[in-house]
Amino acid sequence: MAHVALFHSVYGLRPAVRDAADRLRAAGHQVHAPDLYEVPAVDTVEEGFALLSRIGQETVLDRARASLDGLPPDTVLAGFSMGAGVAGAMLAERPDSGGLLLWHGTGGAPADVRAGLAVELHLADPDPYDPPGEVDQWRQEMTAVGADVTVYGYPGAGHLFTDPAVSDHGPAAAALAWERALAFLADR
C-alpha cells in the first residue's frame, strides 16, 4: 500500500480525478486528491487555462504544498497533465518521495531528483503539450541523475486520454495506462 498525493489537470478537480482517486483506494492505497483551485472544475481546456491564469501558478503550488502537510515523507507524488508538473515541482521539498507517477505530462527537475527515484510517465504519442524531443531530453536528464524512469507512449491517444468526459478519451489507452500505473504503485 502506498500513500499517494494526486494532483488534478488544468480543468480542476473533475469527476475523472475523483474516480481515479477512488480507483487507487480500491487497490488499497491511501489517496489525497486536493482541489488546487478551490472553485468548481471547468469543461474546456481554454476555461482551465483562464482559471489557472486568474488563480496563479504560485497559488496553485502553495496549495499543493499545504495539501502535503501531514502526509508521510514517502508519499508518491502523482498528477494529470498540469498536475504532473505540480507533482514534479513538489519533489524539491519532498526528496524522500516514494515515486513520481505522471499522466499526460512530464514533471520534476533533475536537480530535485534523488538517485533511485522511481518515475513513470504515461503520455499520448505524440502529445501536443510534450513534443517527443522534449520528452526524450527530460528522460535523459532525469536518468542522468539516477532516476529510474519509464515512459509509456500511447500512439493515437489524445492528450488527456484517461478522462472519459473529454474528446481526448481513449478507452484502450486508458485501460493499459491504469494497468501499468497500478503495477507501479504496487511496488511502492
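Along the sequence shown, residues are numbered consecutively beginning with 1. This is a predicted model, so every value here is computed, not measured.
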(message) Quick check: closest heavy atoms across Leu100 and Gly88, and the distance to 0.1 Å?
(response) CD1-N, 4.0 Å
(message) How long is the straight-line distance from CG of Asp136 back to CG of Asp130, given to the nearest 0.5 Å?
(response) 11.5 Å
(message) Quick one, Tyr129 and Val10 - any side-chain contact, counting heavy atoms below 4.5 Å?
(response) no
(request) Give a yes or no on whether Leu68 and Val60 share a hydrophobic cluster (residues Ile, Leu, Val, Met, Phe, Trp, Tyr; joining criterion: side-chain heavy atoms under 4.5 Å apart). (result) yes
(message) I need the Leu91 CG to Arg94 CZ distance, nearest 0.5 Å.
(response) 10.0 Å
(message) Applying side-chain hydrogen bond (donor to acceptor under 3.5 Å, both in side chains), can you list everything that pairs with Asp125, at least two apart in sequence or on another chain?
(response) none
(request) May I ask you to decide whether Arg65 forms a salt bridge with Glu93, counting only side-chain N to carboxylate O separations under 4.0 Å? (result) yes
(message) Return the NE2 to CG distance between His8 and Asp163, rounded to the nearest 0.5 Å.
(response) 13.0 Å
(request) Report yes or no: does Ser67 contribute a side-chain atom to a donor-acceptor pair with the main-chain N or O of Ala64 at less than 3.5 Å? (result) yes
(request) Let me know which of Gln140, Glu141, Glu134 forms a side chain to side chain donor-acceptor pair (under 3.5 Å) with Gln137. (result) Glu141
(request) Working to the nearest 0.5 Å, report the span between CG of Leu77 and CG of Leu71. (result) 9.5 Å
(message) With rounding to the nearest 0.5 angstrom, report the CZ to OG1 distance, Arg54 to Thr59.
(response) 11.0 Å
(request) Report yes or no: do Val17 and Phe49 belong to one cluster of Ile/Leu/Val/Met/Phe/Trp/Tyr joined by side chain heavy-atom distances under 4.5 Å? (result) no
(request) Answer yes or no: is there a side-chain heavy-atom contact under 4.5 Å between Val4 and His32? (result) no
(request) Decide yes or no for Val86 and Phe80: does some side-chain heavy atom of the first lie under 4.5 Å from some side-chain heavy atom of the second? (result) no
(message) In the structure I gave you, are the side-chain heavy atoms of Met90 and Asp112 within less than 4.5 Å of one another anywhere?
(response) no
(message) When you group the ILVMFWY residues by side-chain heavy-atom contacts below 4.5 Å and let the links chain together, are Phe7 and Val31 in the same group?
(response) no
(message) The criterion is side-chain hydrogen bond (donor to acceptor under 3.5 Å, both in side chains); which residues satisfy it with Asp43, sequence neighbours excluded?
(response) none
(request) Could you pull out the closest heavy-atom pair between Ala157 and Ala124, with the gap in Å? (result) O-CB, 3.3 Å
(request) Return yes if a side-chain donor-acceptor contact under 3.5 Å exists between His104 and Thr162, otherwise no. (result) yes
(message) Is there a side-chain contact (heavy atoms from CB on, under 4.5 Å) between His122 and Leu101? Walk through the geometry before answering.
(response) CA-CA 8 Å; His122 301 273; Leu101 178 57; 4.0 Å; yes
(message) Checking side-chain polar atoms at under 3.5 Å, does His159 have a donor or acceptor matched by the opposite partner on Asp168?
(response) no
(request) Give the minimum heavy-atom separation between Phe161 and His169, together with the two atoms involved. (result) O-ND1, 3.0 Å
(message) With a 4.5 Å cut-off on side-chain heavy atoms, are Tyr11 and Leu160 touching?
(response) yes
(request) Examine Leu123 and Leu182 and state if one hydrophobic cluster contains both, with Ile, Leu, Val, Met, Phe, Trp and Tyr joined whenever side-chain heavy atoms are less than 4.5 Å apart. (result) no
(message) If hydrophobic clusters are built from ILVMFWY residues whose side chains come within less than 4.5 Å, do Val76 and Leu6 share one?
(response) yes
(message) Show the nearest heavy-atom pair for residues Ala33 and Leu13, with the distance to one decimal.
(response) O-CD2, 3.9 Å
(message) For a side-chain contact (heavy atoms from CB on, under 4.5 Å) check, start with the C-alpha distance between Arg63 and Ile55, then their side-chain angles and the critical distance, and finish with the verdict.
(response) CA-CA 11 Å; Arg63 289 175 179 167; Ile55 293 168; 3.8 Å; yes
(message) A cation-pi test, strictly: NZ or CZ of Arg180 under 6.0 Å from the centre of the six-membered ring of Phe184 and no more than 45 degrees from its axis. Yes or no?
(response) no
(message) Name the residue from Tyr152, Tyr154, Trp178 that meets the ring pair (Phe, Tyr, Trp, His ring centres under 6.0 Å) definition with Trp103.
(response) Trp178
(request) Taking all heavy atoms of Ala2 and all of Arg188, pick out the closest pair and write down the distance. (result) CB-CB, 4.1 Å
(request) Report yes if the side chains of Thr75 and Gln30 come closer than 4.5 Å at any heavy-atom pair, otherwise no. (result) no
(message) If I compare all heavy atoms of Met82 with all of Ser9, which pair ends up nearest, and what's the gap?
(response) CE-O, 3.7 Å
(request) State the CG-CG distance between Leu24 and Leu185, to the nearest 0.5 angstrom. (result) 6.0 Å
(request) Using the side chain to side chain contact (heavy atoms under 4.5 Å, CB included) rule, pick out the option among Leu102, Val119, Leu121 that qualifies with Val151. (result) Leu121
(request) Start with the C-alpha distance between Gln57 and Leu61, add both sets of side-chain angles, then the distance that settles side-chain contact (heavy atoms from CB on, under 4.5 Å), and finish with yes or no. (result) CA-CA 6 Å; Gln57 184 70 23; Leu61 292 174; 3.9 Å; yes
